[in-house]
Structure formats: C-alpha cells, structure tokens
Amino acid sequence: MLKRRPDSFSKFGKWVFAVVRKIPRGKTMTYGQVARAAGSPRAYRAVGSILSQNYDPKIPCHRVVRADGGMGGYNRGGVSTKAKILARERA
DNA sequence: CCCCTGACACTTA
DNA sequence: ATAAGTGCCAGGG
C-alpha cells in the first residue's frame, strides 16, 4: 500500500481532501456527506479508499466518520488516536 | 485492458 | 437489535 499525496490523486480525490480539510473543528462528516460534497454521493466507497491512501497530516481525516457515527479506521495512529482526537476536538 | 481490494452504506433475514 | 449479503466508486497491480 503506497502512501499517496493529495496531488497524486485524481480530481475526485483532491476534492475529497478539500472537503475534509474544510470540516470545522469539533465537527464530523460521514463518508457519504464527503462523497456528496465531492460531487459523487455514491462514491463514499472511493472516499474511504482514497482517505486510506492519504497520509497527509493537513487532512483531518479523523473528522470523517461512518454513517453510524463510528469510525472505520485510521492510518496514522489507529482508531484509538482517531477517537482520542475526536473526543478532544469535540469539546 | 482486465481483475482485485477497500477507512462505506443500505436492505433483508 | 444483530448478522449477513449486495451495490456503489475509485485506485492499484
């Protein structure tokens, strides 16, 4: 699994990163919401796939959660870190 | 070009 | 409420 940068991704990927980066602190967006904001409401699958490949700290992918409100995974530190950051930023 | 995988979401049993 | 199966899109080999 190669670490891809936002500029390495296609248009959709870049858009996804742009949306995630726009997520305000203490806010969480579901993959479906991000996909919809990216222009493809049915591409939530791709969103997760792309986010998983992205390793850029500039992208707060930890603010992206599942439709259930749970978290799928986290490349940088694991789900524990994700939950931790969320709990911290949520305040 | 074809096939497989994947941080999801929804429906049905 | 929980479990399993199916459908979707994009990226990688």
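Proteins get letters first, then strands, A, B, ... in listed order; numbering begins at 1 in each.
- Of the two residues contacting DNA chain C, namely Val47(A) and Tyr44(A), the nearest-nucleotide position lying further toward the 5' end is that of Tyr44(A).
- Taking atom CD of Gln53(A) as the reference point, atom C1' of dT5(B) lies 10 Å away to the nearest angstrom.
- Candidate nucleotides dA9(B), dA7(B), dG11(C) were compared by shortest atom distance to the side chain of Asn75(A), and dA7(B) ranks first.
- Distance Leu86(A) CG to dA7(B) C1': 13 Å, rounded to the nearest Å.
- Rounding to whole angstrom units, NZ of residue Lys11(A) and P of dC9(C) are separated by 17 Å.
- For the atom pair NZ of Lys22(A) and CE of Met29(A), the computed distance is 10.5 Å after rounding to the nearest 0.5 Å.
- Computed from coordinates, the Lys3(A) NZ to dG12(C) C1' distance equals 17 Å when rounded to whole Å.
- Distances shown here put a side-chain N or O of Ser10(A) below 4.0 Å from the OP1 or OP2 atom of dG11(C).
- Using a 4.0 Å heavy-atom cutoff across all strands shown, Gly73(A) reaches at least one base atom of the nucleic acid.
- Taking NZ from Lys11(A) and NZ from Lys14(A), the interatomic distance works out to 9.5 Å, rounded to the nearest 0.5 Å.
- The CZ atom of Arg5(A) sits 18 Å away from the C1' atom of dG11(C) (whole-angstrom rounding).
- At the heavy-atom level, Ala43(A) lies under 4.0 Å from the strands shown only through sugar-phosphate atoms.
- Following rounding to the nearest Å, Asn54(A) (CG) and dA10(C) (P) show an atom-to-atom distance of 17 Å.
- At a threshold of 4.0 Å, the pair Lys58(A)-Asp56(A) does not count as salt-bridged, since none of the basic side-chain nitrogens sits closer than that to a carboxylate oxygen.
- Considering only side-chain atoms of Tyr74(A), the nucleotide from dA7(B), dA9(B), dA10(C) that sits closest is dA7(B).
- Between the side chain of Asn75(A) and the backbone N or O of Gln53(A) there is no donor-acceptor pair closer than 3.5 Å.
- Contacts of residues 25-42 of chain A with DNA chain C (heavy atom under 4.0 Å): Arg42(A).
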List the atom pairs, with distances to 0.1 Å, where a side-chain N or O of residues 78-91 of chain A and a protein N or O form a donor-acceptor pair under 3.5 Å, not counting sequence neighbours.
from: Thr81(A); atom 1: OG1; to: Gly77(A); atom 2: O; distance (Å): 2.9
from: Lys82(A); atom 1: NZ; to: Val64(A); atom 2: O; distance (Å): 2.5
from: Glu89(A); atom 1: OE1; to: Arg63(A); atom 2: NE; distance (Å): 3.1
from: Glu89(A); atom 1: OE1; to: Arg63(A); atom 2: NH2; distance (Å): 2.7

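- Nucleotide dT5(B) holds its P atom 19 Å from the CZ atom of Arg4(A), rounded to whole Å.
- Sorted by first then second residue, the ring-ring contact (aromatic ring centres under 6.0 Å, His included) pairs that include residues 17-52 of chain A, not counting sequence neighbours, are Phe9(A)-Phe17(A).
- Counting heavy atoms from C-beta outward, His62(A) and Pro60(A) have side chains that approach closer than 4.5 Å.
- Whole-Å rounding puts the Lys14(A) NZ to dG11(C) P distance at 11 Å.
- Relative to the side chain of Ile50(A), the nucleotides dA9(B), dG12(C), dG11(C) differ in distance, and dG11(C) lies closest.
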